[in-house]
Engineer: 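Please read through the structure below; I'll follow up with questions.
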Amino acid sequence: GTERVISSENLTERLEDGPEDRVDAEAYLTARITDIFLGDWDRHRGQWRWATYDTEAPREWLPVPRDRDQAFSKFDGLATRIVSLYMPQFVRFEEDYPAIRRLHWNARAIDRWFLAELDREAWDRVGREVQSALTDDVIEQAAFQLPIEIYEINGEELQQTLRARRDRLNEAWTEFYELMADKVDLYATDEDEVVRVEREQDAFTVSIIAPDHGPDPYIQRRFLSSETDEVRIYLQGGDDVITITGDADPNMTLRVIGGGDDDRFIVEGRGAGVRLYDDKGRNEVVGEDAPGLTTKDFNEWEWTPETRNQPLDWGRTTTPIFWTSYSTDLGLFLGGGVRLERYGFRKSPYATAFDIRGGWSPFLSKGRFEMTGEFRRENSALFTPVAARLSRLDVLHYYGLGNDTPEGDEAFHRVDLTMMSADIGLGLDFESGLTVRGGMRIERASTQENVGRFFDTVRPVNGDSAFISLGVVGEAVSD
């Protein structure tokens with residue numbers, strides 16, 4: 001039997017302490033491919049225990065899945081379909097797999113840690129082993145374990161669905177691998193370690209060694225620019241030395257993030273594509289073409305039961321916007337759009353965000369289009385807001401100057417405007433939750449659609465039917 005079973009919290013502490021405790025990454029991958037096969041999306045850190053057969057160090061920890069309450073989930077009602085637009089983990093168990101990102105969502109923190117050392121060859125080998133084990137007989141015998149009353153309802157359907165998912169499993173694990181390979185996080189430990197990065201054309205190899213435990217790397221992986229855009233190496237604690245060699249261009253970004261002690265960064269050759277960070281300890285950067293060391297403090301996310309949803313610093317999301325209203329001037333207004341968010345390293349809460357929406361008033365047969373966006377900076381409270389707007393639905397009611405208002409109904413005093421505007425500025429987030437933004441706006445307004453109304457009779461007083469203005473706008477929002 002196993003020597004010990006521990007929680008994920010205990011495992012995390014052991015992994016950070018040193019390389020004597022490691023997760024069996026291929027066993028964990030086996031479990032995760034099985035999760036995807038079963039449609040089990042709720043595999044966050046609290047859903048695992050970890051067992052070892054080793055009595056002494058080094059210890060290899062095997063995953064023990066538990067709490068399988070979301071396997072075969074089938075969110076197919078209208079309400080859950082709408083909710084799934086904003087909560088991607090709500091998936092439907094059927095023959096075709098959903099986007100794998102949705103099944104990875106709740107487990108993204110541990111997936112990106114425990115699977116980072118495995119390359120495509122390892123993924124394909126493990127995937128084939130899982131797929132070959134899921135024979136028709138295995139699926140049939142598993143379905144027969146259902147209570148007879150349940151099997152009579154959908155036992156045959158379940159078998160058919162499982163066989164179809166088995167046959168497509170290679171597509172699922174390939175998509176999973178490509179998702180994981182784009183942005184990769186490698187974690188060292190709190191011991192003194194040596195990290196070597198050997199760069200070559202369109203590739204580099206990362207080796208992490210703990211000299212006190214032998215000369216062999218406990219993490220080693222070769223990255224290809226055809227699969228990977230960025231690799232981040234977190235040195236953690238200890239007095240670490242990282243050496244980056246090679247003049248070739250790997251065509252990938254390499255970020256090295258130092259820990260709490262004294263680290264030495266050696267860059268031999270070109271420093272293009274290398275980013276160095278360390279805000280603690282006495283650190284040294286060596287190399288004629290070495291990049292500067294970013295020393296600005298940053299609070300890294302740490303898992304707790306209360307903050308288990310890791311903020312995104314990779315990938316992108318698209319969510320719908322519903323935009324409807326009613327007013328006496330416009331009647332019913334129907335519209336919608338999308339919110340596009342892209343995430344990046346130390347860009348919080350996102351790297352860029354755009355709300356793009358449009359709508360139409362059937363009563364007036366006119367429409368409106370708006371775009372607002374933000375560009376965030378790395379580890380900065382400053383950001384750049386932008387906006388653009390085109391509308392034929394802006395309405396004023398003009399009654400003249402002073403008290404000399406002519407008689408006429410509401411339609412006679414109505415002023416229809418065609419508005420075009422563009423904004424750009426600067427924003428600042430405060431720790432208190434206050435956000436302040438301001439900038440310049442250029443705006444064009446046209447009133448040419450008001451023939452026969454009161455405003456048309458005073459047009460010579462008010463100038464041309466179109467005018468352009470340049471001004472300053474600003475706002476403060478407290479969240």
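None of these values were measured; they are calculated from a predicted model.
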Engineer: When you compare the side chain of E374 with that of Y350, does any pair of heavy atoms fall below 4.5 Å?
Structural biologist: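 Counting from C-beta outward, Y350 and E374 do come under 4.5 Å.
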
Engineer: Y177 and W123: aromatic ring centres closer than 6.0 Å?
Structural biologist: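 Between Y177 and W123, the centre distance is under 6.0 Å.
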
Engineer: Starting from the C-alpha separation in whole Å, work towards a yes-or-no answer on ring-ring contact (aromatic ring centres under 6.0 Å, His included) for F354 and F375.
Structural biologist: CA-CA 9 Å; F354 288 93; F375 295 89; 5.4 Å; yes

Engineer: Over 60° means perpendicular and under 30° means parallel, so tell me whether F75 and W41 are parallel, tilted or perpendicular.
Structural biologist: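 Ring orientation of F75 relative to W41: tilted.
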
Engineer: Is a donor on one side and an acceptor on the other found under 3.5 Å between the side chain of D289 and the backbone of G271?
Structural biologist: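 Yes, the answer is positive, given that a donor and an acceptor are paired below the 3.5 Å cut-off.
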
Engineer: A cation-pi test, strictly: NZ or CZ of R102 under 6.0 Å from the centre of the six-membered ring of F90 and no more than 45 degrees from its axis. Yes or no?
Structural biologist: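 No, a cation-pi geometry is absent between R102 and F90.
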
Engineer: Considering only NZ, NE, NH1 and NH2 on the basic side and carboxylate oxygens on the acidic side, decide whether D42 and R68 come within less than 4.0 Å.
Structural biologist: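 No.
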
Engineer: Is it true that D279 and T295 share a donor-acceptor pair across their side chains at a distance under 3.5 Å?
Structural biologist: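 No - no donor-acceptor pair under 3.5 Å links their side chains.
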
Engineer: Can you sort out the partners of E13 under salt bridge (Lys or Arg N to Asp or Glu O under 4.0 Å), two or more places apart, ordered by chain and number?
Structural biologist: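 For E13, no residue satisfies salt bridge (Lys or Arg N to Asp or Glu O under 4.0 Å) once neighbours in sequence are set aside.
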
Engineer: Suppose the criterion is ring-ring contact (aromatic ring centres under 6.0 Å, His included): which pairs have a residue in residues 237-261, not counting sequence neighbours?
Structural biologist: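 Non-adjacent pairs meeting ring-ring contact (aromatic ring centres under 6.0 Å, His included): zero.
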
Engineer: Pair V206, I219 - check side-chain contact (heavy atoms from CB on, under 4.5 Å), show working.
Structural biologist: CA-CA 8 Å; V206 177; I219 293 179; 5.7 Å; no

Engineer: Going by an N to O cut-off under 4.0 Å, is there a salt bridge joining R339 and E341?
Structural biologist: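 Yes, R339 and E341 are salt-bridged.
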
Engineer: Looking at K183, is its backbone amide N or carbonyl O close enough to the side chain of R112 to form a donor-acceptor pair, meaning the two atoms are under 3.5 Å apart?
Structural biologist: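 Judged by distance alone, yes, a pair lies under 3.5 Å.
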
Engineer: Could you give me the CA-CA distance, side-chain angles and deciding distance for E378 and K347, then say whether salt bridge (charged side-chain N to carboxylate O under 4.0 Å, His left out) is met?
Structural biologist: CA-CA 5 Å; E378 184 179 297; K347 294 181 179 180; 5.9 Å; no

Engineer: Quick check with a 6.0 Å cut-off and a 45 degree axis cone: is R376 positioned over the face of F383's six-membered ring?
Structural biologist: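 Here R376 passes the 6.0 Å and 45° test against F383.
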
Engineer: Would you compute the distance between atom OG1 of T228 and atom CZ of R222 and round it to the nearest 0.5 angstrom?
Structural biologist: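 That separation rounds to 11.0 Å.
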
Engineer: If the threshold is 4.0 Å, N to carboxylate O, is there a salt bridge linking E230 and R275?
Structural biologist: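 Salt bridge absent between E230 and R275.
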
Engineer: With distance as the sole test, does S7 use its side chain to make a donor-acceptor pair with the main-chain N or O of N10 at under 3.5 Å?
Structural biologist: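 Present.
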
Engineer: Hey, does the side chain of R101 reach the backbone of W105 with a donor-acceptor pair shorter than 3.5 angstrom?
Structural biologist: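 Side chain of R101 to backbone of W105, a donor-acceptor pair under 3.5 Å: no, none is there.
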
Engineer: Can you find a heavy atom in the side chain of D111 that is under 4.5 Å from one in the side chain of M180?
Structural biologist: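 Yes - at least one pair of side-chain heavy atoms lies under 4.5 Å apart.
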
Engineer: So do R377 and T384 actually touch side chain to side chain, heavy atoms under 4.5 Å?
Structural biologist: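 Sidechains of R377 and T384: in contact.
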
Engineer: If you define the side chain from C-beta out and look only at heavy atoms, does anything of F345 sit under 4.5 Å from R232?
Structural biologist: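 The answer is yes, as the side chains (C-beta and beyond) meet within the 4.5 Å cut-off.
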
Engineer: Give a yes or no on whether the ring-centroid distance for H104 and W314 is below 6.0 angstrom.
Structural biologist: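 Yes, ring centres under 6.0 Å apart.
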
Engineer: Give the C-alpha distance, both sets of side-chain angles, the deciding distance and a yes or no for ring-ring contact (aromatic ring centres under 6.0 Å, His included) between H413 and Y399.
Structural biologist: CA-CA 6 Å; H413 292 282; Y399 297 95; 4.6 Å; yes

Engineer: Using a strict threshold of under 4.0 Å (side-chain N to carboxylate O), is an ion pair present between E60 and R22?
Structural biologist: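 No, R22 and E60 are not salt-bridged.
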
Engineer: Cation-pi check, R45 to W48: give yes when NZ or CZ is under 6.0 Å from the six-membered ring centre and within 45° of the ring axis, no otherwise.
Structural biologist: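 No.
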
Engineer: Between D416 and R414, does any NZ, NE, NH1 or NH2 come within less than 4.0 Å of an OD or OE carboxylate oxygen?
Structural biologist: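 Salt bridge flag = yes for D416 with R414.
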
Engineer: Using 0.5 Å steps for rounding, measure from the CZ atom of R342 to the CG atom of L312.
Structural biologist: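 These two atoms lie 13.0 Å from each other.
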
Engineer: Does the structure place the NZ or CZ of R368 under 6.0 Å from the centre of the six-membered ring of F333, at an angle of no more than 45° from the ring's axis?
Structural biologist: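 The answer is yes, since R368 meets both limits relative to F333.
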
Engineer: Is the shortest distance from a Lys or Arg side-chain nitrogen in R221 or E117 to a carboxylate oxygen in the other one below 4.0 Å?
Structural biologist: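 Between E117 and R221 there is no salt bridge, as every charged N stays at least 4.0 Å from the carboxylate O atoms.
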
Engineer: Under 4.5 Å between any side-chain heavy atoms of W61 and L11, yes or no?
Structural biologist: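 Of all side-chain heavy-atom pairs linking L11 with W61, at least one is under 4.5 Å.
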
Engineer: Say you draw a straight line from CG of D192 to CG of D263; how long is it, rounded to the nearest 0.5 Å?
Structural biologist: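 Going from CG on D192 over to CG on D263, the span is 9.5 Å.
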
